[in-house]
2 protein chains.
Amino acid sequence: MSLPHAILIALLEKPSSGLDLTRRFDKSIGYFWSATHQQIYRELGRLEAEGHIRALPSEQPARGQKKAYEVLPAGRAELARWTAASQDPKPHRDALLLRLRAAAVVGTAGLEADLRRHLELHRLQLAEYEEIEKRDFPPGQRGAQARLQHLVLRAGIELETFWIQWLTEALAELSVVAERHDSA
Amino acid sequence: MSLPHAILIALLEKPSSGLDLTRRFDKSIGYFWSATHQQIYRELGRLEAEGHIRALPSEQPARGQKKAYEVLPAGRAELARWTAASQDPKPHRDALLLRLRAAAVVGTAGLEADLRRHLELHRLQLAEYEEIEKRDFPPGQRGAQARLQHLVLRAGIELETFWIQWLTEALAELSVVAERHDSA
DNA sequence: AGAATTAGTGCAACTAGTTGCACAATGCTG
DNA sequence: CAGCATTGTGCAACTAGTTGCACTAATTCT
């Protein structure tokens with residue numbers, strides 16, 4: 001149940017309309033909590049109904065009209081509560097690892113191409129993160145806020161780095177395994 | 001849509017009853033694809049209806065009776081198809097990173113304890129993985145099957161190692177940030 | 001001016017995963 | 001042998017996330 005909180009964070013960082021949020025979820029926020037625009041609109045409705053956010057005053061409340069939201073004190077309080085509350089880690093689910101394990105029983109045919117594709121995707125993602133790091137977190141850090149945000153970004157960078165390294169290794173293993181067919 | 005495939009893998013590795021599967025999902029398989037026993041029973045029903053698996057012949061088909069399943073050729077074929085098919089990576093969702101980012105706006109109060117708890121959990125998980133590695137993959141590898149399985153396990157080990165390192169860093173940052181209050 | 005495109009908001013239906021409970025069979029214990 | 005815990009299977013209801021479409025308003029194109 002973290003989507004509403006992700007939205008509160010985004011809105012605290014900068015009041016936005018639904019579409020603005022959607023765009024921001026395709027970037028920074030979405031890197032560790034993704035959401036589609038439908039989820040976002042639905043959740044904005046709920047958050048407003050609960051009094052956690054409100055639409056910024058604007059003349060046109062009609063459909064097809066931009067509507068920006070800001071966080072109310074109650075929303076900020078709820079976010080602080082949630083942030084401090086103890087939470088169990090959610091179980092991971094990684095289809096790629098599952099497929100590797102499947103390959104151990106049904107064979108590796110067809111896997112290589114997709115591993116390469118994933119490798120490429122991770123390379124792109126890493127490049128994007130490093131771009132952000134260079135732009136937003138130049139060496140010689142200051143405020144608490146920046147330090148924490150940088151910490152989160154570094155997690156992203158290091159995770160991508162890990163996957164790139166692991167996928168490279170996996171591709172090497174795969175070619176070894178394919179060469180000598182099977183012998184298990 | 002990977003749960004049925006995870007079950008097929010588990011059953012190919014060793015035919016099992018629902019409860020056996022549940023237990024195995026709490027161990028090795030569940031490390032990268034978790035599932036509750038209810039999910040498993042439901043999926044077993046579906047897989048049987050589709051002709052991908054079948055219940056091993058046994059005298060007592062009554063309730064409260066062990067019922068073991070094995071994979072049929074159609075199931076194996078489906079698993080091979082799925083393994084080879086190209087799949088887009090699912091978006092990540094990590095509440096802990098989200099909370100760190102929230103802390104940048106609403107303050108870090110109360111976070112530390114939970115970070116420590118997560119650190120401890122990852123340490124335990126890592127120890128468990130390393131135990132498995134020592135037991136099942138002694139140096140001097142052979143078959144293709146073992147190599148691939150080891151590769152997957154190493155991903156787990158390295159991910160846990162990453163989190164331990166990152167959380168340690170995060171705790172250090174947190175204490176720095178807390179000391180000098182805020183200055184952003 | 002009318003047509004096509006784009007920006008913005010939203011509903012409805014579906015799929016996957018979670019939670020809470022029910023109930024039968026077996027074995028253990030007083 | 002009666003009661004109780006454990007093992008094993010399963011249904012029902014709920015929550016979160018996904019997919020597909022609909023509709024309005026503003027903008028650009030001819």
Side-chain angles (χ1 to χ4, degrees), chain A residues 1-8 10-11 15-26 29-30 32-50 53-56 58-69 82 87-95 98, chain B residues 1-8 10-11 15-26 29-30 32-50 53-56 58-69 82 87-95 98:
Chain A
M1 249 262 301
S2 308
L3 176 56
H5 302 102
I7 291 178
L8 287 173
L11 288 180
S16 309
S17 69
L19 193 64
D20 288 346
L21 281 175
T22 304
R23 283 203 253 266
R24 293 173 60 201
F25 267 80
D26 284 342
I29 319 247
F32 41 89
W33 205 277
S34 72
T36 61
H37 80 272
Q38 289 85 348
Q39 276 180 280
I40 290 169
Y41 282 116
R42 202 182 342 174
E43 208 57 51
L44 282 172
R46 284 183 200 153
L47 284 167
E48 191 176 23
E50 286 166 5
I53 62 173
R54 67 160 184 183
L56 279 176
S58 149
E59 321 313 275
Q60 304 336 50
R63 206 181 163 121
Q65 206 61 27
K66 246 188 173 176
K67 204 165 36 167
Y69 292 91
W82 176 80
Q87 285 174 47
D88 287 329
K90 283 277 150 215
H92 343 130
R93 295 203 166 97
D94 191 307
L98 207 56
Chain B
M1 250 260 303
S2 307
L3 175 57
H5 302 102
I7 291 178
L8 287 173
L11 289 180
S16 310
S17 69
L19 192 63
D20 288 345
L21 281 174
T22 304
R23 283 204 253 265
R24 292 173 60 201
F25 267 81
D26 285 342
I29 318 250
F32 40 88
W33 204 277
S34 72
T36 61
H37 80 273
Q38 289 85 348
Q39 276 180 282
I40 290 168
Y41 281 116
R42 203 182 343 175
E43 208 58 50
L44 282 172
R46 284 184 200 153
L47 284 167
E48 191 176 23
E50 287 166 4
I53 61 173
R54 67 160 184 182
L56 279 177
S58 149
E59 323 313 272
Q60 293 356 32
R63 207 182 161 117
Q65 205 62 26
K66 245 189 174 174
K67 203 167 34 167
Y69 292 91
W82 176 81
Q87 285 175 45
D88 286 329
K90 283 278 148 214
H92 344 131
R93 294 205 168 95
D94 191 309
L98 208 55

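Proteins come first, then strands; the chains are lettered A, B, ... in the order of their sequence lines, and each starts at number 1.
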All N/O pairs under 3.5 Å across the protein-nucleotides 4-6 of chain C interface:
none

(request) Would you please confirm or rule out a distance under 4.0 Å between OP1 or OP2 of C:dG10 and any side-chain N or O of A:Tyr41? (result)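 No, A:Tyr41 has no side-chain N/O under 4.0 Å of OP1/OP2 on C:dG10.
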
Going by the rule side-chain contact (heavy atoms from CB on, under 4.5 Å), which residues pair with [X] if we only count those two or more places apart in sequence or in a different chain?
X       : value
A:Pro15 : A:Leu56, A:Glu70
B:Ser2  : A:Ala95, A:Leu98, B:Trp33, B:Trp82
B:Pro89 : A:His118, A:Leu121

(request) Could you tell me which residues satisfy side chain to side chain donor-acceptor pair (under 3.5 Å) with B:Glu48, sequence neighbours excluded, listed by chain and number? (result)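 Expected list: none.
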
(message) Checking B:Arg23 now: which residues fulfil side chain to side chain donor-acceptor pair (under 3.5 Å) with it, not counting sequence neighbours?
(response)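 Scan of B:Arg23 (side chain to side chain donor-acceptor pair (under 3.5 Å), adjacent residues dropped) gives none.
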
(message) Does the protein touch nucleotides 13-18 of chain D at the base, only the backbone, or not at all? Give it as B, S and - per nucleotide, heavy atoms under 4.0 Å.
(response) ---SBB

Whole Å only: how far is the [atom1] atom of [X] from the [atom2] atom of [N]?
X       : N      : atom1 : atom2 : value
A:His37 : D:dA22 : NE2   : C1'   : 11 Å
A:Leu21 : C:dG10 : CG    : P     : 12 Å
B:Asp20 : D:dT6  : CG    : P     : 19 Å

(message) For residues 32-42 of chain A, which residue pairs pass the salt bridge (Lys or Arg N to Asp or Glu O under 4.0 Å) check, not counting sequence neighbours?
(response)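 Output for this query is empty, none listed.
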
(request) Indicate yes or no for a side-chain donor-acceptor contact from A:Gln39 to the backbone of A:Thr36 under 3.5 Å, with no hydrogens or angles considered. (result)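 Yes; judged by distance alone, with no hydrogens or angles, the pair exists.
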
(message) If the condition is salt bridge (charged side-chain N to carboxylate O under 4.0 Å, His left out), which residues does A:Arg46 pass it with, not counting sequence neighbours?
(response)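 Partners of A:Arg46 by the salt bridge (charged side-chain N to carboxylate O under 4.0 Å, His left out) criterion, ordered by chain and then number, come out as A:Glu43.
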
